[in-house]
Amino acid sequence: MTCSSCANRIERKLSKLTGAEASVNYATEVARVTLPDGVTIADAIRTVEQTGYTAAVPELEAAGDRDASGTSLTTRLTASAILGAPVLLLSMVPLLQFPGWQWVALALTLPVATWGAWPFHRAAAVNLRHGAATMDTLVSLGVIAALGWSLWALILGDAGRIGMHMEMRWFGSHGDELYLEVAAIVTVFLLAGRTIEHRTKRSSQQAMRSLARLGAKEASVIRDGLETRIPVGDLVVGDRFRVVPGEKVAADGVVVEGASAIDASLLTGESLPVEVTPGSEVVGATINGHGMLVVEATRVGADTELSRIAALLERAQDGKADVQRIADRVSQFFVPTVLVLSLLSLIGWLVLTGDVTAAFTAAVATLIIACPCALGLATPTALLAGTTRGAELGILIRDARVLESSRGITTMLVDKTGTVTEGRMSVESVTAATGEDADEALRSAAAVERASEHPIARAIVAAAGETRVATDVRAAQGAGVVGMVDGRAVQVGKPAWLADDWGVTMPPELAAAFEAAEAKGATALAIAWDGTMRAVVAVRDTVKPSSRAAVERLAGLGIDVMLLTGDHERAARAVADEVGIERVLAGVSPAQKVDAVRAEQAGGAKVAMAGDGVNDAAALAAADLGLAMGTGTDAAQQAADITLVHGDLAGAADAVALARRTLRTIRGNLFWAFAYNVLAIPLAMAGLLNPLIAGAAMAFSSVFVVLHSLTLRRFRPTA
């Protein structure tokens, strides 16, 4: 493909396959096609070839800047520039002209206008055979017209016989019959623009290729007691593989032997290593630190976290925002319109002035200035740069239409557990009764809680560190647990259970601590033995350090934040107060979360939802914009529009800011592309633009759009 018109034609042809849906991205040079039963990939490739192009199942590496003939665009540009420069000097500087210089200029121009401009001529011919016209049609016609006119003037006209020189033909001035410098230098300008375009697109795709190369290539798999090095692609779920210090983890899995620290910075951006022990989950492509590990594979191949991130990034870059679809429809009719305008300008000048040279100049300038390269690059290059930068920041955008969704967001509903908070319980405080040892009480409680998998029990055990051994442990469902520790019956549970079943009363100082803990949204439990209450332990889900700043940033973006949780009112309110959220809806079920989303939408708000659990999935899907924590469940991530790899609410603010800036960049690009053509075409038709200047301006417009898009690579989270 050489322009957006090519992409549009291929997309239309593929979509005509019965039951097929196609989206062709000019910037990434990828067609994403959904084929019905009975239609194969070979059928799709054949359709593309019948349209005049070639296609293949995509490889990870880009094709570079080579054209359809296999010649490098850089080679064509270099040779054309070397040959074209003398033509320009001879044509524009009378002092350098000598008898017969026109024939030297012609000899230098011919290879430039034929071999140098071959990519444009070939593409125009291919489209002509299929009854279509693209920007290459405009370029090819312009170059051929300039060369043909000059040949006619040299061979049949006065220019060849009397050796007349050509004047400088800039804004509005006209020389005589030769346009050799137009044919040569316009080709150089357009080749330069296309070469820069290819290089910048390749640079933008570098993150995708780097991401694909992050994974390990081989794994030391342990099968039937033997350790063998195999390609990562041969791993299957359930395989156990060894990871030596400094080696990349081959696939997602669970540590079954060993302990180490994993460097996950390549995937998550987190600089601190993560300690792993048996039972810890590890992600493929992360780097093992100091210890030897044996990992059991749980996800391999396309199911790994790395592949999922790559797939999301590719899908986002291949998509189209609604604003791009409008541009596609406009460009579909643009080239035929320009051809008509060029013909009208030729006829108009001939009828009104009778000046053949002026008429030809205006017609060729109109053809060249109107090439809609910038229009075709406006959206895909910005989308490519924006989604690539998002992936680097841990923001995975599912589809281009997400950009449109982010624009008008006014309200964000955020789940509490795992989104605003860490999603895991920890001991906040231990208050001992007068004369009691708080550490002793905590260790005794941990001994009886050790066998439980309840989050509160795990928090108490983790806080106590080394624990004693408890025997005869019995749980009272929903009330507490009791067990023998060092010959004494230790009870841990609700004060009412201790009072009713064990006759243990709460002293005033512990009653005050209990009330204070519950007032802050914590869960408080009493610890007792030998008929006496010894301490109160407060356990709560801690707020993520970045949550308050994230709420403030969202407010700065004009977004009203509301806390949505299934937890009780007091706990929800405590968390909301801590992070600066005013509106709270507590005690809601998954269905009620969906109702809350729809209620806000019914009130005129455009709603985003941020969550991490299965219970958030329906609300994420119902919202105008769904944001899932990357640390959450697969169901939540599949229902969301954006996945935040780091599992941090701060990423929600970054995602909205990046999406809005990307959309602004797209709109800015489209404005420039449309404005450029709207302003330049009348100037060219009026004879105020020389074809040489028109070619330079057209090439610059494309380069400008690409460079403007690449400013997204400098996006910072605080922007």
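What you are looking at is a predicted structure, and each value in this text was computed from that prediction instead of being measured.
For the pair P231/K217, no side-chain contact is recorded, criterion being any heavy-atom separation below 4.5 Å from C-beta on. Here the side chains of R716 and R389 are in contact, with some heavy-atom distance below 4.5 Å. Using a 4.5 Å heavy-atom cutoff, the side chains of L396 and I642 are not in contact. Here the side chains of T51 and R12 are not in contact, with every heavy-atom distance at 4.5 Å or above. Between F715 and L393 the shortest side-chain heavy-atom distance falls below 4.5 Å. Side-chain contact between L235 and I230: present, with at least one pair of heavy atoms (C-beta onward) separated by less than 4.5 Å. Side-chain contact check for V236 versus V300: every heavy-atom pair is 4.5 Å or farther apart.
Listed for the D252 side chain is a donor-acceptor partner under 3.5 Å among the backbone atoms of G284. With hydrogens and angles ignored, the 3.5 Å screen pairs no side-chain donor or acceptor of E21 with any backbone N or O of T34. Although no hydrogens or angles enter the test, the distance criterion places a donor-acceptor pair under 3.5 Å between the side chain of S345 and the main chain of S342. Side-chain atoms of T286 come within 3.5 Å of backbone atoms of V283 as a donor-acceptor pair (strictly under, hydrogens ignored). Between the T711 side chain and the L707 main chain, no donor and acceptor come within less than 3.5 Å of each other.
Of all non-hydrogen atoms in M685 and L341, the two that sit nearest each other are CE-O, 3.6 Å. Between L147 and L106, the shortest heavy-atom distance links the atoms CD1-CD1, 4.2 Å. Residue A44 comes nearest to L14 through the heavy atom pair O-CD2, 3.6 Å, listed as atom of the first residue, atom of the second, then distance. Taking each heavy atom of V143 and A117 in turn, the nearest pair found is CG1-CB, 4.5 Å. The two residues L627 and A608 come nearest to each other via the heavy atoms CD1-CB, 4.0 Å. Nearest heavy atom pair, residue L644 against residue G651, reads CD2-O, 3.5 Å.
Distance check, rounded to the nearest 0.5 Å: CH2 of W115 to OG1 of T75 gives 6.5 Å. Rounded to the nearest 0.5 angstrom, T643 OG1 and L620 CG are separated by 9.5 Å. Between atom CD1 of residue I10 and atom OG of residue S15 there is a gap of 11.5 Å, rounded to the nearest 0.5 Å. Atom OG1 of T366 sits about 10.0 Å away from atom CG of L683, to the nearest 0.5 Å. Taken to the nearest 0.5 Å, the CD1 atom of I409 stands 13.0 Å off from the CE atom of M609. The distance from atom CG of L17 to atom OG1 of T47, rounded to the nearest 0.5 Å, is 4.0 Å.
The number of heavy-atom neighbours closer than 6.0 Å to CD1 of I41, taken from other residues, nucleotides and ligands shown, is 12 or below. Taking a 6.0 Å sphere around CD of E49, one finds it holds more than 12 heavy atoms contributed by other residues, nucleotides or ligands.
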Steps toward side-chain contact (heavy atoms from CB on, under 4.5 Å) verdict (N669, S709): CA-CA 8 Å; N669 285 348; S709 296; 2.8 Å; yes
Before you tell me yes or no, could you show the steps for L339 and L343 under side-chain contact (heavy atoms from CB on, under 4.5 Å), namely the whole-Å CA-CA distance, both residues' side-chain angles and the distance that decides it to 0.1 Å? CA-CA 6 Å; L339 291 174; L343 181 61; over 6 Å; no
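A salt bridge links R713 with E392: the closest approach of a Lys/Arg side-chain nitrogen to an acidic carboxylate oxygen falls below 4.0 angstrom.
In this pair, W118 and H121 present their aromatic rings perpendicular. The plane angle is above 60°, beyond the 30 to 60° band.
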